[in-house]
2 protein chains.
Amino acid sequence: MTPMKEDYIKIIFELGGINKKISNKEIALALDVAAGSVTEMISKLVEEKLVVHEPYAGISLTKKGQRYATELVRKHRLWETFLVDKLNYNMADVHPEAEVLEHQTSDRLASSLDNFLGYPKHCPHGGVIPDENGHFDDISHEMLAMAKDNEEVEIERFLDNHELLVYLTDLGLNVEDDIKVIRHDPFEGPIQIVRKTDQKAMAVSYKAAHNIFVRKTNG
Amino acid sequence: MTPMKEDYIKIIFELGGINKKISNKEIALALDVAAGSVTEMISKLVEEKLVVHEPYAGISLTKKGQRYATELVRKHRLWETFLVDKLNYNMADVHPEAEVLEHQTSDRLASSLDNFLGYPKHCPHGGVIPDENGHFDDISHEMLAMAKDNEEVEIERFLDNHELLVYLTDLGLNVEDDIKVIRHDPFEGPIQIVRKTDQKAMAVSYKAAHNIFVRKTNG
DNA sequence: GCTAAATATTAGGATTGCCTAAAAATATAT
DNA sequence: ATATATTTTTAGGCAATCCTAATATTTAGC
């Protein structure tokens with residue numbers, strides 16, 4: 001297993017390759033490689049029984065591939081947590097470092113790191129950290145953008161996108177914040193919210209609000 | 001700069017490529033590659049002005065190459081320190097993990113890690129950790145094997161060799177221990193020593209004693 | 001000081017992973 | 001329903017890094 005194969009497996013996972021078939025093009029776009037390179041690499045992953053490939057129809061992960069992908073996600077997120085919790089990185093800066101470290105992380109190292117960090121459940125932007133056996137809790141797919149006015153929700157997770165994370169850091173909005181939705185401005189305007197703990201009012205852009213996932217906290 | 005090139009640079013450094021010319025064969029043996037591969041890679045490193053190569057005479061590091069090598073050593077030893085001090089690895093187990101992590105460590109990460117560890121001067125087996133500018137203190141080249149009977153010395157450093165480190169861990173001898181040499185048994189027999197702090201007597205094999213470096217502590 | 005042994009370099013190939021361009025298959029739109 | 005557009009696969013190449021085998025150079029023994 002090389003780092004590049006790992007990248008393919010992980011991106012297929014992130015594109016939803018557990019449930020549905022992923023197209024060649026999606027992978028090529030996500031990894032920024034040529035379509036031909038994808039076909040070639042996929043055929044190798046098929047040999048290793050990590051993915052199944054129906055030509056022209058799509059690619060999905062086998063059980064083995066899924067296990068592998070969760071391991072990578074686990075390692076990635078443990079490193080992100082380490083960087084933020086111990087080395088004082090900010091959330092928006094950790095992705096590239098974790099991206100390279102994850103490929104060089106033995107199971108033993110992941111396990112020691114997990115212990116050192118106190119078995120965190122979530123990475124800095126709210127993603128679930130799978131446990132050693134690849135188990136992880138369900139995540140919310142409810143976007144902040146869809147929450148109703150006056151609804152009270154907890155910020156659960158941000159998409160792992162640099163621009164977004166910088167924006168949110170500037171804004172001061174964090175994972176686990178309990179907030180109340182005030183109103184949705186028209187014409188794709190910002191969603192106005194208030195953080196319950198300190199009554200801080202914030203305006204979250206329409207686009208950002210589609211990349212923030214929340215969980216209801218009131219009846 | 002690829003990880004393999006980094007490995008070449010680092011091994012040339014470790015073989016003494018700052019002061020003397022290193023032979024093709026030494027590198028080939030140390031990296032376990034064919035001699036032809038070394039010649040080829042060296043010619044690339046020459047192009048990048050990292051080494052100078054006098055055909056048939058030997059290879060040594062340029063200033064640029066030295067700078068690069070110390071950076072790698074710094075990263076390697078910071079990781080080793082992290083693994084022992086924070087993740088409770090034992091000294092003998094850290095080398096392979098550090099070996100791969102070092103290649104994926106940005107300067108920023110090294111710097112943050114250094115700070116987190118409290119700017120350690122030495123790695124777990126006593127090697128000097130160069131600072132951010134590549135500066136590092138001189139090291140002792142005085143072998144325990146050469147210390148005279150009744151001499152009192154401090155254990156400064158062990159060679160980074162797995163077998164040796166396992167042996168020393170079992171023996172209970174550590175870097176920074178203050179010891180007194182009792183006697184040298186004949187016929188390459190062990191060196192008998194006593195640790196001053198707890199009066200623990202230890203017999204260090206002749207071979208190990210050639211891989212342990214010490215610093216005199218009495219007049 | 002010459003010959004044999006050791007060491008170094010060159011040459012030719014393999015593998016991995018990428019690319020571009022051409023060909024094949026599928027999807028879309030009128 | 002067929003022509004066009006899109007997507008996928010195939011084919012042929014390139015770069016990095018390794019290998020083995022052949023050749024060249026240096027070192028060492030007698």
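Numbers restart at 1 for each chain; the letters A, B, ... are given by sequence-line order, proteins then strands.
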J.: List the atom pairs, donor and acceptor, that lie under 3.5 Å between side-chain atoms in residues 111-122 of chain A and the rest of the protein, sequence neighbours left out.
T.:
| residue | atom | partner | partner atom | Å |
| --- | --- | --- | --- | --- |
| A:Ser111 | OG | A:Glu132 | OE2 | 3.3 |
| A:Ser112 | OG | A:Arg108 | O | 3.0 |
| A:Asp114 | OD2 | A:Arg74 | NH1 | 3.1 |
| A:Asp114 | OD2 | A:Arg74 | NH2 | 3.4 |
| A:Asn115 | ND2 | A:Tyr119 | OH | 3.0 |

J.: Once salt bridge (charged side-chain N to carboxylate O under 4.0 Å, His left out) is applied, what residue pairs with a partner in residues 183-192 of chain A remain, sequence neighbours excluded?
T.: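 Salt bridge (charged side-chain N to carboxylate O under 4.0 Å, His left out) check on residues 183-192 of chain A returns A:Arg183-A:Asp185.
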
J.: For C:dT16, does either OP1 or OP2 sit under 4.0 Å from a side-chain N or O belonging to A:Lys44?
T.: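 Looking at the OP1 and OP2 atoms of C:dT16, neither is under 4.0 Å from any side-chain N or O of A:Lys44.
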
J.: Report the residues that fulfil salt bridge (charged side-chain N to carboxylate O under 4.0 Å, His left out) with A:Glu26, sequence neighbours left out, ordered by chain and then residue number.
T.: none

J.: Strictly by salt bridge (charged side-chain N to carboxylate O under 4.0 Å, His left out), give each pair with a member in residues 28-45 of chain A just once, sequence neighbours left out.
T.: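 Pairs touching residues 28-45 of chain A that pass the test: none.
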
J.: Under the salt bridge (charged side-chain N to carboxylate O under 4.0 Å, His left out) rule, what pairs show up with a residue in residues 50-63 of chain B, not counting sequence neighbours?
T.: B:Lys21-B:Glu54

J.: Apply salt bridge (charged side-chain N to carboxylate O under 4.0 Å, His left out) to A:Glu142 and list each qualifying residue two or more places apart in sequence or on a separate chain.
T.: A:Lys216

J.: Quick test of your reading: applying ring-ring contact (aromatic ring centres under 6.0 Å, His included), list the pairs with at least one residue in residues 53-76 of chain B, sequence neighbours left out, ordered by first then second residue.
T.: B:His76-B:His95

J.: Can you name the ring pair (Phe, Tyr, Trp, His ring centres under 6.0 Å) partners of A:His103, sequence neighbours left out?
T.: none

J.: Kindly state which residues belonging to residues 2-20 of chain A come within less than 4.0 angstrom of DNA chain D, counting heavy atoms of the residue only, listed by number.
T.: none

J.: Can you list the residues that meet the salt bridge (charged side-chain N to carboxylate O under 4.0 Å, His left out) rule with A:Arg67, with sequence neighbours excluded?
T.: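 None.
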
J.: Parallel under 30°, tilted from 30 to 60°, perpendicular over 60°: which one fits the rings of A:Phe82 and B:Trp79?
T.: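 Rings of A:Phe82 and B:Trp79: tilted, as their planes differ by 30° to 60°.
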
J.: Using the 3.5 Å cut-off, write out each protein N or O paired with an N or O of nucleotides 8-15 of chain C and the distance between them.
T.:
| residue | atom | partner | partner atom | Å |
| --- | --- | --- | --- | --- |
| C:dA8 | OP1 | B:Asn24 | N | 3.3 |
| C:dA8 | OP2 | B:Lys25 | N | 2.7 |
| C:dA8 | O3' | B:Tyr56 | N | 3.4 |
| C:dT9 | OP1 | B:His53 | NE2 | 2.7 |
| C:dT9 | OP1 | B:Tyr56 | N | 3.3 |
| C:dT9 | OP2 | B:Asn24 | ND2 | 3.2 |
| C:dT9 | OP2 | B:Thr39 | OG1 | 3.2 |

J.: Walk along DNA chain D from 5' to 3' and tell me the first and last nucleotide with an atom closer than 4.0 Å to a non-hydrogen atom of chain B.
T.: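 Reading along DNA chain D, I get D:dA16 to D:dT26.
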
